[in-house]
Participant: 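A single structure is presented below for examination.
For the single chain, residues carry numbers from 1 onward in sequence order.
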Amino acid sequence: MARIKQVFYMTKTTFLEEQHNKRVIMGFILGIALFGYWLNLFLQYALDIGEPVNVLEAFVVVEHHHKSILFLVVGWLLIISDAPFIKKNTYLLLCRSSRKQWDAAMLQYIMIQAFLYVAGIVAVSVAVSTLLGFWGNMWSSPIYNLAMDTNNHLGVKYNISFPWVNIMQTMTVPQAFMITFVFLFLYLVLIGFLLYVCNLLLKEIYGTLIVFGIQIAGYLLQQEGAAYLSLMAKAIPGYAIDGNGGQWKVVVLFCAIILILALISSWLIGRVDFKDAMEEE
């Protein structure tokens with residue numbers, strides 16, 4: 001129990017140190033602003049159609065847009081680019097606990113921060129959509145028209161698309177909303193843990209370049225029709241939902257990768273030279 005309290009204490013300490021960090025603040029602002037760009041396109045389309053939308057739909061539509069998921073990660077990388085969050089008081093924390101407890105606290109911080117990042121985006125999406133939307137399980141007419149737009153006329157005109165009839169056939173809006181939230185959250189945690197592990201091995205700039213390179217490669221694979229090879233594409237539920245629980249296979253995959261990265265970090269943390277790392281800081 002004492003060890004668990006120490007982990008939570010170090011996580012809290014990291015939050016207190018990071019909450020006023022301009023980089024973290026800018027990351028949240030950038031993520032919401034980038035999401036807001038496509039949110040505005042979708043709501044403008046709905047206004048032109050003259051029909052209300054379900055307040056939960058906007059988040060689902062924007063997260064499924066092929067470019068949105070690419071740029072949302074930019075804000076997230078800005079928030080956690082300082083991983084493994086080594087500060088001047090790190091030695092003091094290590095003296096009071098252990099390296100593995102400190103490692104667990106840093107991973108916990110990344111997970112909580114990922115949840116807050118997604119929750120912030122969702123809050124803005126729901127708040128804005130409430131102005132011209134309704135609550136319920138039903139999909140709206142604007143979404144139905146987008147899904148049936150097989151020639152992509154609406155997509156070209158409004159620069160927003162939602163070709164995921166499989167989601168509308170299989171799930172209610174709240175169900176699609178929740179699975180989209182879970183997919184994005186797990187993907188951000190995966191990206192965060194990967195950056196953390198890379199930064200334990202390399203200097204921060206190289207870790208960021210590697211992770212961003214994987215993100216770009218995932219986008220290019222998706223565009224070339226090889227979505228099954230793209231981690232980024234797997235963060236879009238529409239690729240996995242098949243009416244037979246295909247989405248849970250992706251959830252298990254993400255959780256497995258996250259666990260493997262956590263185990264790798266636990267092994268690496270004993271080999272990190274904190275003195276050199278703090279001198280770089």
Side-chain angles (χ1 to χ4, degrees), residues 27-46 53-79 113-130 133 139-140 142-144 146-147 149 154-155 158-192 215-216 218-219 221-223 227 230-242 246-251 253-254:
F28 274 96
I29 293 174
L30 180 61
I32 292 173
L34 290 171
F35 182 89
Y37 171 76
W38 280 283
L39 175 64
N40 178 65
L41 294 176
F42 171 67
L43 295 180
Q44 185 59 57
Y45 155 71
V53 298
N54 192 307
V55 297
L56 300 180
E57 283 178 337
F59 174 68
V60 177
V61 172
V62 175
E63 198 274 350
H64 276 76
H65 194 266
H66 62 286
K67 290 183 180 178
S68 173
I69 190 70
L70 171 66
F71 288 103
L72 282 178
V73 174
V74 175
W76 172 236
L77 288 178
L78 187 59
I79 293 171
Q113 200 69 285
F115 180 86
L116 294 176
Y117 184 70
V118 179
I121 291 172
V122 166
V124 171
S125 174
V126 172
V128 175
S129 298
T130 301
W139 294 93
S140 68
I143 292 292
Y144 179 80
L146 275 181
D149 184 31
L154 293 174
Y158 293 99
N159 197 27
I160 194 74
S161 61
F162 189 74
W164 306 104
V165 181
N166 56 321
I167 297 179
M168 299 180 68
Q169 293 175 335
T170 307
M171 294 182 168
T172 63
V173 177
Q175 289 172 336
F177 173 84
M178 288 305 301
I179 200 66
T180 303
F181 188 106
V182 170
F183 269 47
L184 182 57
F185 166 71
L186 290 177
Y187 182 63
L188 293 182
V189 171
L190 188 156
I191 290 294
Q215 177 76 355
I216 294 295
Y219 174 76
L221 286 170
Q222 178 187 349
Q223 293 301 100
S230 169
L231 276 176
M232 190 191 79
K234 292 186 183 302
I236 299 176
Y239 284 111
I241 295 173
D242 55 9
Q247 65 271 20
W248 303 117
K249 296 178 182 178
V250 177
V251 170
L253 174 64
F254 278 170

Participant: Can you tell me how far the CG atom of Leu78 sits from the OH atom of Tyr117, to the nearest 0.5 Å?
Facilitator: 9.0 Å

Participant: Angle between ring planes, Tyr158 versus Tyr45, binned at 30° and 60°: parallel, tilted or perpendicular?
Facilitator: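 Ring orientation, 0 to 90° scale: perpendicular.
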
Participant: Given 3.5 Å as the limit, does a donor-acceptor pair link the side chain of Asn54 with the main chain of Trp139, or not?
Facilitator: no

Participant: What I'd like to find out is whether the side chain of His65 reaches to under 4.5 Å of the side chain of Phe42, using heavy atoms alone.
Facilitator: no

Participant: How far does CG of Leu146 sit from OG of Ser140, to the nearest 0.5 angstrom?
Facilitator: 8.5 Å

Participant: Determine whether Leu116 and Phe28 make a side-chain contact, defined as any pair of heavy atoms from C-beta on separated by less than 4.5 Å.
Facilitator: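 Yes; the side chains approach each other to less than 4.5 Å.
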
Participant: I'd like to know if the side chain of Asn166 and the backbone of Ile241 have a donor-acceptor N/O pair within less than 3.5 Å.
Facilitator: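 Present.
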
Participant: Quick check for you: to the nearest 0.5 Å, what is the distance between Leu231 atom CG and Ile191 atom CD1?
Facilitator: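 Interatomic distance, Leu231 CG to Ile191 CD1, rounded to 0.5 Å: 7.0 Å.
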
Participant: Specify the closest pair of heavy atoms between Phe71 and Leu34, including all atoms of both residues, with the distance to one decimal.
Facilitator: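 Looks like O-CD1, 3.1 Å.
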
Participant: Taking side-chain hydrogen bond (donor to acceptor under 3.5 Å, both in side chains) as the definition, give me every residue that meets it alongside Tyr239, ordered by chain and number, with sequence neighbours left out.
Facilitator: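 Testing Tyr239 for side-chain hydrogen bond (donor to acceptor under 3.5 Å, both in side chains), a comparison that skips the adjacent residues, returns Gln222.
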
Participant: Show your working on side chain to side chain contact (heavy atoms under 4.5 Å, CB included) between Ile79 and Trp76 and close with a plain yes or no.
Facilitator: CA-CA 5 Å; Ile79 293 171; Trp76 172 236; 4.3 Å; yes

Participant: Applying side-chain hydrogen bond (donor to acceptor under 3.5 Å, both in side chains) as the test, list every pair that has at least one member in residues 119-130; sequence neighbours left out.
Facilitator: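 Checked against side-chain hydrogen bond (donor to acceptor under 3.5 Å, both in side chains) - neighbours excluded - no pair reaches residues 119-130.
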
Participant: Checking side chain to side chain contact (heavy atoms under 4.5 Å, CB included) for the pair Lys67/Tyr37: CA distance, chi angles, key distance, verdict?
Facilitator: CA-CA 11 Å; Lys67 290 183 180 178; Tyr37 171 76; over 6 Å; no

Participant: Tell me whether Gln175 contacts the main-chain N or O of Thr172 through its side chain, where contact means a donor paired with an acceptor under 3.5 Å.
Facilitator: yes

Participant: For residues 176-189, which side-chain N or O atoms pair as donor and acceptor with protein atoms under 3.5 Å away, sequence neighbours left out?
Facilitator:
residue	atom	partner	partner atom	Å
Thr180	OG1	Ala176	O	2.6
Tyr187	OH	Gln215	OE1	2.4

Participant: If you round to the nearest 0.5 Å, how far is CD1 of Ile121 from OG of Ser68?
Facilitator: 8.0 Å

Participant: Can you tell me how far CD of Gln44 sits from CG of Leu39, rounded to the nearest 0.5 angstrom?
Facilitator: 11.5 Å

Participant: Is there a donor-acceptor contact under 3.5 Å from the side chain of Ser230 to the main chain of Met232?
Facilitator: yes

Participant: Could you tell me the separation between the OG1 atom of Thr170 and the CH2 atom of Trp164, rounded to the nearest 0.5 Å?
Facilitator: 12.5 Å

Participant: Please answer whether the main-chain N or O of Gly238 pairs with a side-chain N or O of His64 as donor and acceptor at a distance below 3.5 Å.
Facilitator: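 Yes, because the side chain of His64 sits within donor-acceptor range (under 3.5 Å) of the backbone of Gly238.
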
Participant: Restricting to non-hydrogen atoms, name the atom on Asp149 and the atom on Leu154 that form the minimum distance, rounded to 0.1 Å.
Facilitator: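 Nearest heavy atoms, Asp149 then Leu154: OD2-N, 2.7 Å.
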
